[in-house]
Amino acid sequence: MIRIAITKGRIEKDMCKLMRACGFDVEPIENKGRELLIKTKDDIEVIFAKANDVVTFIEHGIVDIGIVGKDTLEESDFTDYNELLDLNVGKCYFALAAYPEYRNKSFKRRKKIATKYPTVAKKYFSKLQENVEIIKIEGSVELGPVIGLTDAIIDIVETGSTLKANGLEIIEKVSDISTRLIANKVSLKYKSEEIYNLVDKFYDKIKKE
Ligand code: PRP
């Protein structure tokens, strides 16, 4: 038996589609109602969880496999897992964005940066050897420059329409994001055949698309 934690929402939909395409029994997943731990006929147990919780369940060995966005993985302190597959869905990227003036402005103080991803932002600016003030925002990060709280943002960009609608521009792309399959290291040792069989099935299907 393999236990998988899947991030709720869009990733859940993409994953159901992939599992169906691979011939798995997705009927119990699609008709799950309020049930939290779903058993399929393929000897797979599925949990749907918030992205950070998927990583927590991997960390504690509660699930063998996690399906989660690279954004969550990059922000997480926990790194002791194996990333086995890029599922090639949920594609977007992290970017530094601001009003166009940001490019040529000379700052006489520390720049202020709004983000939902302080770890990602810290890493980005430390590579540039820039000492900035990072302000964590939980909701619409774009509000940072719009309301004059910050000079720029580090946020996820998918279509770019939120930036455009608010007069903001991409200053620099930071890194690519997509949905990844990760495995608990102990599970990989003791259930390696089961896990790699599953990963191979997903990989073959993704390759053909
Ligand atoms: C994300 C992100 C941007 C927006 C970018 O927020 O934080 O605000 O999507 O997408 P776009 O480039 O297609 O406009 P999301 O919609 O996930 O909502 P959230 O603020 O609740 O995280």
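Pairing each heavy atom of Asp64 with each of Ile2, the nearest pair is OD2-CA, 3.5 Å. Between Val174 and Leu96, the shortest heavy-atom distance links the atoms CG2-N, 3.8 Å. Heavy atoms only, all atoms of each residue included: Glu74 and Lys123 are closest at O-NZ, 3.6 Å. The nearest pair of heavy atoms linking Met15 to Leu87 is SD-CD1, 4.0 Å. Minimum interatomic distance between Gly61 and Asn184 (heavy atoms only, all atoms of both residues): CA-ND2, 3.4 Å. Residues Val141 and Ala114 share a closest heavy-atom pair of CG1-O, 3.4 Å.
Using modelled atom types and a 3.5 Å distance limit, the side chains of Glu75 and Thr119 yield a donor-acceptor pair. Judged by distance alone, the side chains of Asp25 and Thr40 never bring a donor and an acceptor atom under 3.5 Å apart. Between the side chains of Tyr124 and Glu172, at least one donor-acceptor pair of N or O atoms lies under 3.5 Å.
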Start with the C-alpha gap between Val120 and Thr115, add the side-chain angles, then the distance that decides, and say whether side chain to side chain contact (heavy atoms under 4.5 Å, CB included) holds.
CA-CA 9 Å; Val120 172; Thr115 190; over 6 Å; no
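Just one residue in the list Asp53, Val54, Val55 forms a side-chain contact (heavy atoms from CB on, under 4.5 Å) with Phe57, and that residue is Asp53.
Under the 4.5 Å side-chain contact rule for hydrophobic residues, Ile170 and Tyr99 share a cluster. Hydrophobic clustering keeps Val132 apart from Leu168 (ILVMFWY residues linked when any side-chain heavy atoms are closer than 4.5 Å, directly or through intermediates). Linking Ile, Leu, Val, Met, Phe, Trp and Tyr residues whenever their side-chain heavy atoms come within less than 4.5 Å places Leu18 and Ile6 in a single cluster. In the hydrophobic cluster analysis, where Ile, Leu, Val, Met, Phe, Trp and Tyr join through side-chain heavy atoms closer than 4.5 angstrom, Ile65 is grouped together with Ile38. In the hydrophobic cluster analysis, where Ile, Leu, Val, Met, Phe, Trp and Tyr join through side-chain heavy atoms closer than 4.5 angstrom, Ile135 is grouped together with Ile147.
Atom NZ of Lys112 has 12 or fewer heavy atoms from other residues, nucleotides or ligands within 6.0 Å. In the displayed structure, Leu36 atom CG is contacted under 6.0 Å by at most 12 heavy atoms of other residues, nucleotides or ligands. More than 12 non-hydrogen atoms from other residues, nucleotides or ligands lie less than 6.0 angstrom from OH of Tyr102. For Tyr196, the OH atom sits in a loose shell: 12 or fewer heavy atoms of surrounding residues, nucleotides or ligands are nearer than 6.0 Å. Counting non-hydrogen atoms of other residues, nucleotides and ligands closer than 6.0 Å to NZ of Lys91 gives a total of 12 or fewer. Counting heavy-atom neighbours within 6.0 Å of Lys201 NZ, excluding the residue itself, gives a total of 12 or less.
Cation-pi contact between Lys8 and Phe48: absent, since separation from the ring centre below 6.0 Å together with deviation from the ring axis within 45° is not met. Taking the ring centre of Tyr81 as origin, the terminal cationic atom of Lys185 falls outside the region bounded by 6.0 Å and 45° from the ring axis.
We find that Glu130 and Arg110 are not joined by a salt bridge, their nearest charged nitrogen and carboxylate oxygen being 4.0 Å or further apart. By the 4.0 Å N-to-carboxylate-O rule, Lys136 lies close enough to Glu138 to be salt-bridged with it.
The CD atom of Glu27 sits 11.5 Å away from atom SG of Cys16, with the distance rounded to the nearest 0.5 Å. Remark: Ile4 CD1 to Leu181 CG distance equals 7.5 Å, nearest 0.5 Å. Here the straight-line distance linking atom CD1 of Ile156 with atom SG of Cys92 works out to 5.0 Å at 0.5 Å rounding.
Within the 4.5 Å cutoff, side-chain heavy atoms of Tyr203 are placed close to those of Leu85.
Remark: side-chain polar atoms of Glu59 are not paired, donor with acceptor, to backbone N or O of Thr56 under 3.5 angstrom.
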